[in-house]
Amino acid sequence: MNRRTLVVVGHGMVGHRLVELAVERGLTAEWDVIVHAEEDVPAYDRVGLSSWFSGRSADALCLVADGFFVDPALDLRLGDPVVSVDTGSRTVTSASGLVTPYDALVLATGSTPFVPPVPGAAGPNRFVYRTLSDLSQIRAAADGATRGAVVGGGLLGLEAANALLQLGLQTTVVEFAPRLMPVQVDEGGGQALRRLVGGLGVDVRTGASTDRIEDVDGGLRMVFAEGEPLDVDLVVFSAGIRPHDALARSAGIDVAERGGVLVDEACRSSAPKVYAVGECASAAGRCWGLVAPGYAQAEVVVDRLLGGTREFTGADLSTKLKLLGIDVASFGDAHGETPGALELVYSDPVAGIYSKLVVSDDAQRLLGGVLVGDASPYPVLRPMVGADAPLPANLVELVLPARSGAPTAGAAGLPDSAQVCSCYDVSKGDLRAAVCESGCTDVGGVKACTRAGTGCGSCLGLVKELVATELAAQGVVMSSALCEHFALSRAELFEVMRVREIRTWSQLLAEHGTGRGCDICKPVAASILASLGTGYVLDDERGGLQDTNDHMLANLQKDGSYSVVPRIPGGEVTPDHLLVIAQVAKDFGLYTKITGGQRIDMFGARVEQLPPIWQRLVDAGMESGHAYGKSLRTVKSCVGSTWCRYGVQDSTTLAIELELRYRGLRSPHKVKMAVSGCARECAEARSKDVGIIATENGWNLYVGGNGGYRPRHADLFLTDVDTETLVRTIDRFLMFYVFTADRLQRTAPWVETMDGGLDHLRAVIVDDSLGLCADLDAAMERHVAHYSDEWADTLADPARLARFTTFVNAPDEPDPSISFEFVRGQITPAAPVLIAGPTLQLVTS
Amino acid sequence: MTWRAVCLLDQLPVERGVCALVDGHQVALFRTGDGELYAVDNRDPFSGAMVLSRGIVGCRDGQATVASPMYKHVFSLATGHCLDDAEVSVSVHPVRVRHGAVQVSLREETRQPA
Ligand code: SRM
Ligand SMILES: Cc1cc2nc3c(=O)[nH]c(=O)nc-3n(C[C@H](O)[C@H](O)[C@H](O)COP(=O)(O)OP(=O)(O)OC[C@H]3O[C@@H](n4cnc5c(N)ncnc54)[C@H](O)[C@@H]3O)c2cc1C
Ligand code: SF4
Ligand code: FES
């Protein structure tokens, strides 16, 4: 049978979703899909576009799974836009001159940013905010600039303002309407938002109409209908979007009065076999500027091509965003336009919280709402809109402060039909089915199975909650128990051991555990005991609790050998120490590499070589770098004011002092820090658990950053403080983390999931709201006073050295399984040799 | 059955392992808190590295276990079965104490050809 051809114009979010669905639903069994893309990169997450500024790479934003377009039914033509459509001969022509016949055509050309037609709107240093290429141009222009303005105070405008702020620009938002986000929030919400945004240092000019933009002395001058002009280095226009319907217009396809390819409920345009989806389409009476309705339209088109009858009749325009760290959510009938609608308003101008719920005239149904300053009830409230279920009696409590536990009650009350994830249209019933019928046993499984939570992520909290509830109902408890031996979480265990002064594993197990422990609880106990100051980590029973890395005070490598990392505080190292490292590496035949943490790693040491290697290093005045421990790793530094012509403080000295202060501190996971000597941030401090950036007046402290799996920029915690305040705050931050975090939880997720967030953290460690600071300070004092180098302690005691042999019965025998090849003049592990004998048995039956 | 003495009981730390070289074969020896001794191959089948003796000893559902330090797979010390992957197991070897000395008897099929 003849294969048919589907041509998709535009490879944006919706275009790509359509291609994915074509594969998933089996359309490609009979259809070839040809995609013409204007941009020269494949579809990416435009919703998450701004995260590019906070370090998310273009690769990470890409929506296309590896190998996706290898499918022979698919053909992606990047950087080759379609320039004309001939609906008579059913062909499209691309910029490169390719003429492609189609059996069905889908327009998914998105929209274009609207630039108000004021004099001077075009020219250098004027930008829009839509594509990766726009963003890289903005970043280039921001380099060396000091002031920027965003025209448009809507959702995208504020997002752009956030970006300018992150780029270090003094930022002004210019909005024509009398309030920010006029489309989403009401007057009260707009006021709360304005206060919050102003508090972050963004200037807000509402009711300001830009008259013209002039080029003045290498900068730009914005002149308004009224009021002072504004001088800036660059302007970003974010004053709305217009459907990209030019292609359809020139092909004679009907467009809506206010733009957008006019389509029916099957997403069909006026031309035969031509569909339109996403932001370029005017469907169910309007253009939808969000991705979820576009995805729903893509479903309809694929379904129709397969002979189905799906329809698009409208969608939810709810939005939740965390702009500049401010929660804003607006959902359903936010403006109370339904006849007879009643409004419940709670407003706390001091705390910067504004909540409004819109309910039906009989107060029986939730119609919509606006939340500013605290949007945590949003995931529970949104699905209640349009759900055919009575409102919970505690509805109002949901938006009042101190509603601890309330959202859970709300989640349980949702009917199965309530839509939990609007990005992928997943209902509560779908989530339950994933657990009950598809046998998913955790949140990860449910996400993979339903895709819920994998879009904008705003529903994730609710998804977790519902999955946990459902698992509990199935008798599967997602408990916080550490493992089968302890019913307590790490934080609870810490508290018990601290308060009840439990200082041995036997006592802990006898009083609070069962069985003999395992590889999960033992290292946790070892870490807590070390944090509580029980001394040398391998003495008495504690040796048995440690992971192999801590047990050998070195890092295990893939071939069973170990690596050795001496501490190089702040990355500063003398030529003499370099010579020692070089000589040790030569004498023991070790591979050397500069690590990502500003120090030197020596690889390929056998167990019995560790003591003589360390003897040499310790003799030369070096000490353990704790690369093996869940403890402080490095405090990275830049050269700072000592050498650098831009440095404003001595970052190197501070980094060294901090590294020496916190070295050896055992914690729930590893801890990394960095100190930069000025805002250029060469030490990459904002990617660390604790980051410090020098200012003219002192230091800015950032906390909760992370590289690794899930990069996160640290949050600003203190501004312009002196060294004493800085160190005291870090002491408390670290100790509070040690006291309360989960096992293997870095500070980033710890801060993110903390009830009350940064404000709570600040209350506890700055304002001492829990009366805990004296304990935290004392614990850190004790750590600093009792620190002693683990390797020096090991070498001083023959009993401690006994464990560093490979074979208990042949202490002098080197491990024959460790052997090396030479690559680029150094050793590397030899390719594994199959050991004779059936060491790997297959278990049958 | 050939028993080889490998070390004194005192040389086996409690709740931890050591490795012994028995006729050229690497055997991981464990002494658990309840006084039991176990001997299994030292080779971690998942990584091929000779490291099981350096894992953390513990129990799961009442069975004595060791967790490989490489990728944390847990093995039953009594049966050698990997409790995280039913397809995989390691050899276990008879072990006993005579006159304060720990003795191991390599399982026949493990012996290297002379
Ligand atoms: C040696 C080094 C790579 C290098 O050659 O440069 C390295 C090597 C390892 N890293 Fe790393 N990481 C090294 C710098 C980093 C960095 C960069 C940095 O510290 O500035 C990061 C990202 C920053 C961060 O942690 O936020 C990094 C993020 C990770 C992660 C992911 C952590 C996360 O929170 O997502 C792991 C896995 C883990 O810890 O669970 C990891 C785990 C590992 C382990 C321990 C994997 C393992 O279990 O065997 C590697 C063995 C270390 C060893 O010495 O044998 N390594 N690792 C670097 C040692 C730095 C040092 O001097 O101590
Ligand atoms: C910064 C930012 C933040 C956003 N945040 C959110 C949010 O939080 N929530 C939300 O729901 N939505 C958000 N959106 C909107 C969301 O990104 C869009 O709704 C979504 O991308 C629409 O998908 P689309 O495929 O219709 O259009 P697009 O993703 O814009 O894709 C259209 C593609 O078609 C290409 N194209 C145009 N003409 C042609 C042609 N002739 N030939 C070939 N290719 C062509 C374009 O180059 C583009 O790549 C945000 C948008 C931006 C810019
Ligand atoms: S990035 Fe991966 S491979 Fe490289 S050192 Fe870190 S953990 Fe090892
Ligand atoms: S609502 Fe966006 S991922 Fe679920």
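Numbers restart at 1 for each chain; the letters A, B, ... are given by sequence-line order, proteins then strands.
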Colleague: Mind ranking Pro69(B), Cys19(B), Ser53(B) by heavy-atom pairs under 4.5 Å with chain A and telling me who comes out on top?
Modeller: Cys19(B)

Colleague: Kindly compute the distance separating CG (Asp547(A)) from NZ (Lys72(B)), expressed to the nearest 0.5 Å.
Modeller: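 Rounded to the nearest 0.5 Å, the CG-NZ separation comes out at 3.5 Å.
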
Colleague: Could you check whether any side-chain N or O of Glu15(B) sits under 3.5 Å from a backbone N or O of Glu541(A), counting only pairs where one atom can act as donor and the other as acceptor?
Modeller: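 Side chain of Glu15(B) to backbone of Glu541(A), a donor-acceptor pair under 3.5 Å: no, none is there.
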
Colleague: At a heavy-atom separation under 4.5 Å, does Val66(B) approach chain A through its side chain, its backbone, both, or neither?
Modeller: neither

Colleague: Highest number of heavy-atom pairs under 4.5 Å with chain A: which of Ala49(B), Gly33(B), Cys59(B)?
Modeller: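 With the most close heavy-atom pairs to chain A, the winner is Cys59(B).
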
Colleague: Hey, does the side chain of Asn809(A) reach the backbone of Cys7(B) with a donor-acceptor pair shorter than 3.5 angstrom?
Modeller: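 No, because the side chain of Asn809(A) does not come within donor-acceptor range (under 3.5 Å) of the backbone of Cys7(B).
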
Colleague: Can you tell me which of Ile818(A), Thr805(A), Thr806(A) forms the most heavy-atom pairs within a distance under 4.5 Å of chain B?
Modeller: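 The option with the most such pairs is Thr806(A).
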
Colleague: May I ask you to decide if Thr32(B)'s main-chain N or O and Arg516(A)'s side chain share a donor-acceptor pair within less than 3.5 Å?
Modeller: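 Here the side-chain-to-backbone pair does not exist.
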
Colleague: Any side-chain heavy atom of Pro816(A) within less than 4.5 Å of one from Met50(B)?
Modeller: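 With C-beta onward as the side chain, the pair stays apart.
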
Colleague: Heavy atoms only, distances under 4.5 angstrom: which of Met552(A), Gln546(A), Gln557(A), Arg803(A) has the most pairs with chain B? Name it, please.
Modeller: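 Heavy-atom pair counts peak at Gln546(A).
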
Colleague: Taking Val57(B)'s backbone N and O only, do any of them form a donor-acceptor pair with Lys522(A)'s side chain (distance below 3.5 Å, no angle check)?
Modeller: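 Such a contact is found between Lys522(A) side chain and Val57(B) backbone.
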
Colleague: Return the CG to CZ distance between Asn549(A) and Arg54(B), rounded to the nearest 0.5 Å.
Modeller: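 The CG atom of Asn549(A) sits 10.5 Å away from the CZ atom of Arg54(B).
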
Colleague: Does any heavy atom of chain B fall under 4.5 Å from the side chain of Glu813(A), the backbone, both, or neither of them?
Modeller: side chain

Colleague: Given a strict heavy-atom distance threshold of 4.5 Å, which part of Val51(B) is in contact with chain A: side chain, backbone, both, or neither?
Modeller: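 The side chain, not the backbone.
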
Colleague: Considering all heavy atoms of both residues, which atom of Arg60(B) and which atom of Glu484(A) are nearest to each other, and what is their separation?
Modeller: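 The pair with the smallest heavy-atom distance is CG-OE1, 3.2 Å.
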
Colleague: Between Leu21(B), Val14(B), Val18(B), Val6(B), which shows the greatest number of heavy-atom pairs under 4.5 Å with chain A?
Modeller: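 Among the listed options, the one with the most contacts to chain A is Leu21(B).
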
Colleague: Could you check whether any side-chain N or O of His551(A) sits under 3.5 Å from a backbone N or O of Ile56(B), counting only pairs where one atom can act as donor and the other as acceptor?
Modeller: no

Colleague: Which atoms of Asp61(B) are under 4.5 Å from chain A, going by heavy atoms: the side chain, the backbone, both sets, or neither?
Modeller: both

Colleague: Under a 4.5 Å heavy-atom cut-off, does chain B meet the side chain of Asp559(A), its backbone, both or neither?
Modeller: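 For Asp559(A), the contact with chain B is made by the backbone alone.
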
